[in-house]
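Below you'll find the structure, written out as structure tokens, and then a few comments.
Proteins come first, then strands; the chains are lettered A, B, ... in the order of their sequence lines, and each starts at number 1.
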Amino acid sequence: METFQARLARKLADALAAADLPQAGDVTPATDPRFGDYQTNAALVLAKQRGENPRAVAQRIIDKFDVAELCELPQIAGAGFINLTLRSDALEEQTSGLLHDERFGVATAATPKRIVIDFGSPNVAKPMHVGHIRSIVLGDAMARIAQFLGHDVIRDNHIGDWGTQFGMVIWGWKNLLDREALERGPIAELVRVYKATNERSAADPAVRDACREELVKLQGGNAENFAIWQECVGLSMREFARAYELLGIRYDIQRGESFYNDRLPGIVDRLLNSGLAEISEGAVCVFFRDIPELADKPCIIRKSDGGFNYATTDIATVDYRLDDLHRDTVWIETGAPQQLHFRQIFEIARREGRHADFRHITHGNILGEDRKLMKTRSGENVALQDVLDEAIVRARKIIEEKNPDLDEAEKARTAHIIGIGAIKYADLSQFRMTDYIFSWDRMLSLQGNTAPYLQNAYVRIRSIFRKAGVDDNSAESVTLIEAAERNLAKRLCQFAEAVPSVLNDFRPNILANYLFELANSFHAFYEACPVLKSEEPARSSRLALCGLTARVLQRGLDLLGIEVPERM
RNA sequence: GCGCUCAUAGCUCAGCCGGAUAGAGCAUCGGAUUUCUAAUCCGACGGUCGCAGGUUCGAGUCCUGCUGGGCGCGCCA
């Protein structure tokens with residue numbers, strides 16, 4: 001089923017062709033209810049191109065604009081806009097068509113992509129902190145939406161499991177480890193050991209050299225060090241898995257940096273042989289002399305001491321994703337600080353003749369109430385686990401207040417759904433590039449553009465169905481009489497317009513905003529239009545609208561990685 | 001110094017390709033309910049879109065410069 005927007009755009013294209021005009025302009029939802037439901041600026045664009053009167057061009061278009069089955073008579077307004085008002089029967093028919101459509105009118109992509117999406121990417125032997133939320137939540141939402149649109153998606157966790165820090169981790173493990181503490185809290189103990197080693201190594205050159213020695217042994221394949229490293233990775237992965245479980249995140253593959261180790265020498269050779277890389281000050285570098293912004297920013301792929309760094313690893317990762325995973329699209333969702341790095345990696349891939357679509361999807365920071373990077377009182381990163389736990393505790397408190405009669409199991413389940421949903425939604429409802437200020441009160445508020453508000457709309461609908469004594473409704477069509485019904489129906493039809501536009505520029509907040517407006521329209525409908533108390537045929541029609549709204553809310557939130565409770 | 005990014009109402013934020021009188025939420029004020037969950041709805045108040053130029057029928061949006069914040073800039077990842 002095609003959206004109104006798509007159908008009208010097609011009709012517009014036909015009209016332009018019939019009027020001997022070039023294709024121009026587009027069809028968008030009306031900016032104001034006074035202008036109808038949709039509008040097009042085609043006449044304005046064409047008039048500008050051709051130096052003609054916009055309203056006259058608009059009239060030429062309208063003369064050929066065959067939309068009688070969808071709209072009332074098109075109106076010319078303002079400078080030369082063409083305003084379109086949907087006919088009620090067209091809206092009824094479209095909405096009715098959604099009642100039994102599991103995709104709610106969302107078309108699958110015309111050309112499915114083979115995407116790998118890299119998000120989350122925590123470091124081994126370090127706890128995940130609030131900063132990881134954005135990458136995880138944004139990446140997961142992109143993956144869900146891309147998949148729903150019919151793309152072939154592989155979710156990859158590019159874990160930081162290799163690097164110079166392991167020299168210190170291993171030395172600390174051998175000299176400072178408290179086994180009991182490790183049992184109690186593996187990551188916490190690893191962090192303690194790492195920090196202590198760091199301090200000693202800063203103060204004592206002998207320790208520093210010893211750490212370097214341990215690193216060399218690890219990289220050289222020393223069995224003892226390798227075993228320690230493996231154990232660190234295992235402990236970390238187990239702790240990550242717990243957080244992912246809580247967040248409802250899953251990965252298809254988790255390829256750490258170490259996975260690419262044996263590919264690194266070959267890459268450096270290849271780039272040297274092809275002349276893309278050269279030796280400079282003892283290091284192997286790729287220069288970008290023809291790109292002004294990168295001219296003085298070479299990418300080092302082998303250090304002067306012979307070691308490789310993460311640039312080499314990321315080139316190997318590109319190889320793997322294209323050659324082994326057969327991807328044609330690579331999305332990397334990490335923070336903005338790595339922009340230069342990925343610009344270089346993508347540029348190298350381009351120079352090597354790679355034709356995949358590479359995107360580095362960045363995001364802003366999470367700030368505390370003081371507008372600075374969110375930290376604990378003592379200046380530490382705020383642990384992700386603590387944030388998730390607190391969200392659930394706070395949600396639980398609200399549920400106890402509002403709905404104390406729920407049984408224990410449902411309270412716990414609902415607190416989880418609301419707490420985690422609130423955190424995710426706070427992130428996703430905002431444009432990803434802007435820094436946002438973390439506020440429990442705002443994200444858990446039941447009013448405004450929040451997860452609980454949306455979840456509540458769903459809950460109210462479920463309540464209606466419980467009272468009605470049916471679990472779904474088998475209505476085949478809706479009838480739209482009241483303005484609030486019409487408004488709600490139009491919103492429901494626009495789900496199929498909102499979802500694909502998210503991938504335009506990776507803006508899940510478009511979907512979040514849509515859902516907020518849908519919930520808003522529903523609440524207005526709920527106030528104005530009694531459902532169960534109304535007479536047939538309005539009753540069945542309204543029940544059908546309720547059911548459809550609930551399913552769209554549920555699906556929309558699911559695409560954002562957020563669940564809905566039955567009661568709250 | 002160079003590069004990237006952000007700056008919109010008292011506060012938190014939308015505004016994707018340039019389109020009509022710049023929109024929400026919170027806060028404030030005023031209304032609506034013996035409810036299908038008021039956990040809601042309706043209304044009012046509130047803006048020199050950081051500043052200055054430019055492009056054009058039209059600029060929050062594009063270009064240039066400036067101010068302010070964040071981040072990055074050869075051997076950490």
> If you measure from the P atom in B:C41 to the same atom in B:G54, how many Å do you get, rounded?
Replying inline: 46 Å

> With A:E400, which residues qualify under salt bridge (Lys or Arg N to Asp or Glu O under 4.0 Å), at least two apart?
Replying inline: A:R396, A:K411

> Going by 5.5 Å between centroids and 30° between planes, is there a stack of A:F81 over B:G19?
Replying inline: no

> Taking atom types as they are modelled, is there a donor-acceptor pair under 3.5 Å from the base of B:C17 to the side chain of A:D26?
Replying inline: yes

>> Can you check the distance between B:G68 and B:G30, where both ends of the measurement are the C1' atom (answer in whole Å)?
In response: 40 Å

> Between A:K303 and A:N309, do the side chains contain an N or O donor and an N or O acceptor separated by less than 3.5 Å?
Replying inline: no

> Are A:D435 and A:R134 within salt-bridge range, i.e. N to O under 4.0 Å?
Replying inline: no

> Can you give the dot-bracket line for RNA chain B, where a pair is Watson-Crick or G-U wobble with both atom distances under 3.5 Å, crossing pairs use [ ], and | marks a partner on another strand?
Replying inline: (((((((..((((.....[...)))).(((((.......))))).....(((((..]....))))))))))))....

> Between A:D441 (CG) and B:A27 (C1'), how many Å, whole number?
Replying inline: 13 Å

>> If the threshold is 4.0 Å, N to carboxylate O, is there a salt bridge linking A:R208 and A:E213?
In response: no

> Base, sugar-phosphate alone, or nothing: which one does A:N83 contact when heavy atoms must sit under 4.0 Å apart?
Replying inline: base

> What is the nucleic acid contact for A:N520, judged by heavy atoms within less than 4.0 Å: base, sugar-phosphate only, or nothing?
Replying inline: sugar-phosphate

> Would A:R212 and A:D305 pass as an ion pair if we require N to O under 4.0 Å?
Replying inline: no

>> Check A:R432 with A:D505, please: is the shortest side-chain N to carboxylate O separation under 4.0 Å?
In response: yes

>> Measuring centre to centre across the rings, with the benzene-like ring taken for any Trp, is A:F81 within less than 6.0 Å of A:F35?
In response: no

>> In this structure, is the centre-to-centre distance between the rings of A:H523 and A:Y453 below 6.0 Å?
In response: yes

> A:K303 has a side chain; which of B:C76, B:C41, B:A77 sits nearest to it?
Replying inline: B:C76

> For A:F259 and A:Y320, what are the C-alpha separation, side-chain angles and deciding distance, and is it a ring-ring contact (aromatic ring centres under 6.0 Å, His included)?
Replying inline: CA-CA 10 Å; A:F259 176 81; A:Y320 177 75; 4.9 Å; yes

> What about A:Y310 and A:W162, are their ring centers closer than 6.0 Å?
Replying inline: no

> Counting any heavy atom closer than 4.0 Å, what does A:E517 reach on the DNA or RNA strands: base, sugar-phosphate only, or nothing?
Replying inline: nothing

>> Nearest to the A:A283 side chain among B:A20, B:C16, B:C75, which nucleotide is it?
In response: B:C75

> Using a cut-off of 4.0 Å on non-hydrogen atoms, how would the nucleic acid contact of A:N513 be classed: base, sugar-phosphate, or nothing?
Replying inline: sugar-phosphate

>> Over all strands shown, is A:V45 touching base, sugar-phosphate only, or nothing at heavy-atom distances under 4.0 angstrom?
In response: base

>> Please classify the nucleic acid contact of A:A77 as base, sugar-phosphate, or nothing, using heavy-atom distances under 4.0 Å.
In response: base

>> Distance check, C1' atoms only: B:U8 and B:C71, in whole angstrom units.
In response: 22 Å

>> Tell me if the side-chain of A:Q338 makes a donor-acceptor pair with the base of B:A77, cut-off 3.5 Å, by modelled atom types.
In response: no

>> Measuring only the C1' atom in each nucleotide, how far is B:G23 from B:G46? A whole number of Å is fine.
In response: 13 Å

> If you check the A:N403 side chain, which of B:A77, B:A39, B:C41 turns out closest?
Replying inline: B:A39

> How would you label the contact of A:R567 with the nucleic acid (heavy atoms, under 4.0 Å): base, sugar-phosphate, or nothing?
Replying inline: base

>> Please report the distance separating the C1' of B:C51 from the corresponding atom of B:A7, rounded so that it comes out in whole Å.
In response: 11 Å

>> Under 4.0 Å, heavy atoms only, any strand: does A:S439 hit a base, just the sugar-phosphate, or nothing?
In response: nothing

> B:C13 P sits how many Å from A:R432 CZ, rounded?
Replying inline: 17 Å

>> I want to verify the glycosidic state of B:C17; is it syn or anti under the 90° rule?
In response: syn

>> Work out how far the C1' atom of B:U61 is from that of B:G18, and round it to whole angstrom.
In response: 6 Å

Under 3.5 Å, N/O pairs linking protein and nucleotides 4-7 of chain B:
from: B:C4; atom 1: O2'; to: A:Q339; atom 2: OE1; distance (Å): 2.9
from: B:C4; atom 1: O2'; to: A:Q339; atom 2: NE2; distance (Å): 2.8

>> Check this for me: does any side-chain nitrogen of one of A:E278 and A:R289 sit under 4.0 Å from a carboxylate oxygen of the other?
In response: yes

>> Over all strands shown, is A:R34 touching base, sugar-phosphate only, or nothing at heavy-atom distances under 4.0 angstrom?
In response: base

>> Considering every strand and a 4.0 Å limit on heavy-atom distances, what is the contact class for A:G78: base, sugar-phosphate, or nothing?
In response: base

>> Expressed as a whole number of angstroms, how long is the span from A:E281:CD to B:G74:P?
In response: 11 Å

> If you measure from the C1' atom in B:G43 to the same atom in B:G25, how many Å do you get, rounded?
Replying inline: 16 Å

> What is the distance, rounded to the nearest whole Å, between atom CG of A:L511 and atom C1' of B:C16?
Replying inline: 14 Å

>> Could you tell me how far apart A:M168 (CE) and B:A77 (P) are, to the nearest whole angstrom?
In response: 12 Å

> Between B:C57 and B:C49, how far is it from one C1' atom to the other, in whole Å?
Replying inline: 22 Å

>> I'd like to know if A:D118 pairs up with A:R255 as an ion pair, taking the criterion as any Lys NZ or Arg NE/NH1/NH2 lying under 4.0 Å from an Asp or Glu carboxylate oxygen.
In response: no

>> Whole angstroms only, please: what is the CD-C1' distance between A:Q455 and B:A39?
In response: 12 Å

>> Between A:Y453 and B:C41, is there a contact of a side-chain N or O with OP1 or OP2 at under 4.0 Å?
In response: yes

> How long is the line joining CD1 of A:I82 and P of B:G19, in whole Å?
Replying inline: 17 Å

> At under 4.0 Å between heavy atoms, what does A:S280 touch on the DNA or RNA strands: base, sugar-phosphate, or nothing?
Replying inline: base

> Is A:I510 touching bases, backbone alone, or none of the nucleic acid, heavy atoms closer than 4.0 Å?
Replying inline: nothing

>> Side chain of A:F516, heavy atoms from C-beta onward: which of B:G72, B:C13, B:A24 has the nearest atom to it?
In response: B:A24

> Which of these nucleotides, B:G72, B:C13, B:G19, is closest to any side-chain atom of A:Y436?
Replying inline: B:C13

> Do A:R343 and A:L294 come within less than 4.5 Å of each other through their side chains, counting heavy atoms only?
Replying inline: yes

> For A:K48, which contact category applies under a 4.0 Å heavy-atom criterion: base, sugar-phosphate, or nothing?
Replying inline: base

>> From CG of A:L264 over to C1' of B:A77, roughly how many Å is that when rounded to an integer?
In response: 14 Å

> Has the side chain of A:N41 got a donor or acceptor that lies under 3.5 Å from a partner of the other kind on the base of B:G19?
Replying inline: yes

> Using a cut-off of 4.0 Å on non-hydrogen atoms, how would the nucleic acid contact of A:T164 be classed: base, sugar-phosphate, or nothing?
Replying inline: sugar-phosphate

